[in-house]
Amino acid sequence: MLEDHLISAAHLSRDDIEAVLDRAESVDSAGRAGHGSHDGHVLALCFFEPSTRTKMSFESAMKRLGGETIDMGSVESSSVKKGESLADTVRVIEGYADAMVLRHPSEGSAKLASEFVDVPLVNAGDGAGQHPSQTLLDLYTIRENAGLDGITVGIMGDLKYGRTVHSLAHALTNFDVRQHFISPESLRLPRNVRYDLHEAGAQVREHTGLEEVLPELDVLYVTRIQRERFPEEREYRAVAGEYRIDNGTLSDAHPDLTVMHPLPRVDEIAPEVDETARARYFEQAHNGVPVRMALLDILLGGDR
Ligand code: NCD
């Protein structure tokens, strides 16, 4: 339920998702600037891992709502460096803000932190776990470009460590969506995610090659191999550079295929694809602003 924290996309119902997307759409149609309904509200940004899009779009969203942001800064410059626990850190920051956004390298950290705070906490990535606010902007982009029912989505790349993948796969089970997962054998979806999809009755298939499924896809969601999560660099090198797409790879695709990527990309999508009408990843990143405005507005009680 979208009333307190947002920890996992598995907790989002279709109604929750549609409430955010509809509100984001009205933000968009009214123009993204100047919705000053949260004057005096403060959002705390707590990023224990690098971030560009997530952090800056939350910041932009809060400012466009008329609120303010405070930033914990880098781990190097915070008291975490002195050995403070995550629980203590968030308990203190809670007193400075009306909501907080947390990114942390450990899976489960957002859930743990949420048990220590009363202000709404958004999980902006917990290791290889979940990244549900990314999913909301992904769904917004899919809905705008392909609709959210009666479609076929391919999710390709690092399905094991990719938290955006885990969140998106969970959320898509709320819609009539066939999901195809394309990855090397070693980077298949984790067993717990496969189990949840099965329990949700999702229409899921797994593949090691894109060719066999590409012509069926309405959306292709490409992901970066999550180098920082591999225990051994050697294991990363064994799969790096596979699963790249360029205009040649996409020649058998449906003419209306939508290509998405949560970004940052390394080499998964050749720059030549950027120039085609299929490329939606920059628009997707920009959608982070209206979607996070809508999310913050709901979490901060804008609709109550
Ligand atoms: C993603 C993340 O941090 O999980 N980035 C993002 O928030 N858009 C994807 C990635 O780092 O590959």
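In this text, all values refer to a predicted model and were calculated from it rather than measured experimentally. Atoms within a ligand are numbered from 1 in the order they appear, just like the ligands themselves.
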What does the contact table look like for ligand 1 (nitrogen or oxygen on each side, cut-off under 3.5 Å)?
{"residue": "ligand 1", "atom": "3 (O)", "partner": "Arg103", "partner atom": "NH2", "Å": "3.2"}
{"residue": "ligand 1", "atom": "3 (O)", "partner": "Arg163", "partner atom": "NH2", "Å": "2.9"}
{"residue": "ligand 1", "atom": "4 (O)", "partner": "Arg163", "partner atom": "NE", "Å": "2.8"}
{"residue": "ligand 1", "atom": "5 (N)", "partner": "Leu263", "partner atom": "O", "Å": "3.1"}
{"residue": "ligand 1", "atom": "7 (O)", "partner": "Thr54", "partner atom": "OG1", "Å": "2.9"}
{"residue": "ligand 1", "atom": "7 (O)", "partner": "Arg103", "partner atom": "NH2", "Å": "3.1"}
{"residue": "ligand 1", "atom": "7 (O)", "partner": "His131", "partner atom": "NE2", "Å": "2.8"}
{"residue": "ligand 1", "atom": "8 (N)", "partner": "Gln134", "partner atom": "OE1", "Å": "3.1"}
{"residue": "ligand 1", "atom": "8 (N)", "partner": "Pro262", "partner atom": "O", "Å": "3.0"}
{"residue": "ligand 1", "atom": "8 (N)", "partner": "Leu263", "partner atom": "O", "Å": "3.0"}
{"residue": "ligand 1", "atom": "11 (O)", "partner": "Arg224", "partner atom": "NH2", "Å": "2.9"}
{"residue": "ligand 1", "atom": "12 (O)", "partner": "Arg224", "partner atom": "NE", "Å": "2.9"}
{"residue": "ligand 1", "atom": "12 (O)", "partner": "Arg224", "partner atom": "NH2", "Å": "3.3"}
{"residue": "ligand 1", "atom": "12 (O)", "partner": "Gln226", "partner atom": "NE2", "Å": "2.8"}

message = Taking Leu136 as the starting point, is it possible to reach Leu300 by hopping between hydrophobic residues whose side chains are less than 4.5 Å apart?
response = yes
query = With a 4.5 Å limit on heavy-atom distance, are the side chains of Phe175 and Glu18 in contact?
reply = yes
In one Ile/Leu/Val/Met/Phe/Trp/Tyr side-chain cluster, 4.5 Å: Val273, Ile155 = no
message = Using a strict threshold of under 4.0 Å (side-chain N to carboxylate O), is an ion pair present between Asp126 and Arg163?
response = no
key: Glu68 bridged to Lys63 by N-O distance under 4.0 Å   = no
query = Which residue pairs pass the ring pair (Phe, Tyr, Trp, His ring centres under 6.0 Å) test when at least one of the two sits in residues 224-260, sequence neighbours left out?
reply = Tyr161-Phe230, Phe230-Tyr236
